[in-house]
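So the structure is just underneath, and the comments pick up after that.
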Amino acid sequence: MPLCTGRGYGQGMTVDPRAALDRLIAAFEAHHDAVRSRIGDEDPRVDDAYYVLADAFEVYDESLGERYGEATPFVLDDDSDDDSDDDEDDDSDDDDDYEDVDLHDDSASGR
């Protein structure tokens, strides 16, 4: 079966979640096959499989939402918003969100 490389497959139409899941699984397998058999760093088959996988995921996630009011716990990164300034801001905020804990420090666990 040829890979569909067009973006936006399934936009604006209701898709059966089971059919979308089958397509997503097939897209994962095709992506794995492309990565496993890649020819060099710039193999277009890997890029094509990447986009098909991303599209299949979006269709599956949207179909779950439309049919069952559910979503997957995953978020696709939107490459169109890549700004180095945003990345630096995001990294600095991450440090404030979590307390540093030394997993090898017995005093942290109360021992």
Side-chain angles (χ1 to χ4, degrees):
M1 175 164 72
L3 296 177
C4 172
T5 60
R7 302 288 319 221
Y9 175 85
Q11 300 294 329
M13 70 176 80
T14 302
V15 176
D16 175 53
R18 181 67 226 186
L21 176 59
D22 291 342
R23 181 175 177 257
L24 178 59
I25 291 168
F28 269 115
E29 291 174 349
H31 182 264
H32 177 265
D33 290 342
V35 169
R36 183 174 44 101
S37 64
R38 95 172 24 208
I39 303 170
D41 291 339
E42 301 293 323
D43 190 336
R45 294 175 306 145
V46 174
D47 290 339
D48 290 346
Y50 172 93
Y51 290 117
V52 169
L53 178 56
D55 286 342
F57 169 76
E58 288 178 0
V59 170
Y60 175 67
D61 197 51
E62 288 173 11
S63 71
L64 284 179
E66 289 175 12
R67 176 76 53 91
Y68 303 114
E70 287 293 331
T72 62
F74 310 113
V75 176
L76 293 181
D77 185 28
D78 185 9
D79 291 339
S80 65
D81 293 334
D82 286 346
D83 289 341
S84 60
D85 294 339
D86 290 342
D87 291 342
E88 290 174 14
D89 291 342
D90 290 343
D91 291 343
S92 64
D93 291 342
D94 290 344
D95 294 339
D96 298 333
D97 293 340
Y98 301 99
E99 180 181 333
D100 291 333
V101 175
D102 183 357
L103 297 176
H104 300 288
D105 182 8
D106 289 338
S107 65
S109 64
R111 292 187 212 167

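Here, residue 1 is the first one in the sequence, and each next residue gets the next number.
Residue I25 is grouped with residue Y60 when hydrophobic side chains (ILVMFWY) are merged at heavy-atom distances under 4.5 angstrom, including chains of intermediate members. When the side chains of ILVMFWY residues are joined at heavy-atom separations under 4.5 Å, either directly or via intervening members, V35 and L53 end up in two distinct hydrophobic clusters. There is no path of hydrophobic side-chain contacts, each under 4.5 Å, that joins F74 to V52. Taken together through direct or relayed side-chain contacts under 4.5 Å among Ile, Leu, Val, Met, Phe, Trp and Tyr, F57 and L21 form part of one hydrophobic cluster. Y50 and V75 fall into different hydrophobic clusters, where Ile, Leu, Val, Met, Phe, Trp and Tyr are joined by side-chain heavy atoms under 4.5 Å apart, directly or via other members.
Residues R23 and A56 approach most closely at NH1-CA, 3.0 Å, considering heavy atoms. Of all non-hydrogen atoms in S63 and V15, the two that sit nearest each other are CB-O, 3.2 Å. Closest heavy-atom contact between D43 and S37: OD2-O, 4.3 Å. Considering all non-hydrogen atoms of both residues, L64 and P17 come closest at CD2-CB, 4.2 Å. Residues V46 and H31 share a closest heavy-atom pair of O-CD2, 4.4 Å.
A search for side-chain contact (heavy atoms from CB on, under 4.5 Å) contacts involving D16 returns R18, A19, R67, not counting sequence neighbours. The side chain to side chain donor-acceptor pair (under 3.5 Å) check on R38 picks up nothing, with sequence neighbours excluded. Take D33 and apply the side chain to side chain donor-acceptor pair (under 3.5 Å) test, not counting sequence neighbours, and it matches R36.
Within 6.0 Å of atom CZ in F28, 12 or fewer heavy atoms from other residues, nucleotides or ligands are found, so the atom counts as exposed in its surroundings.
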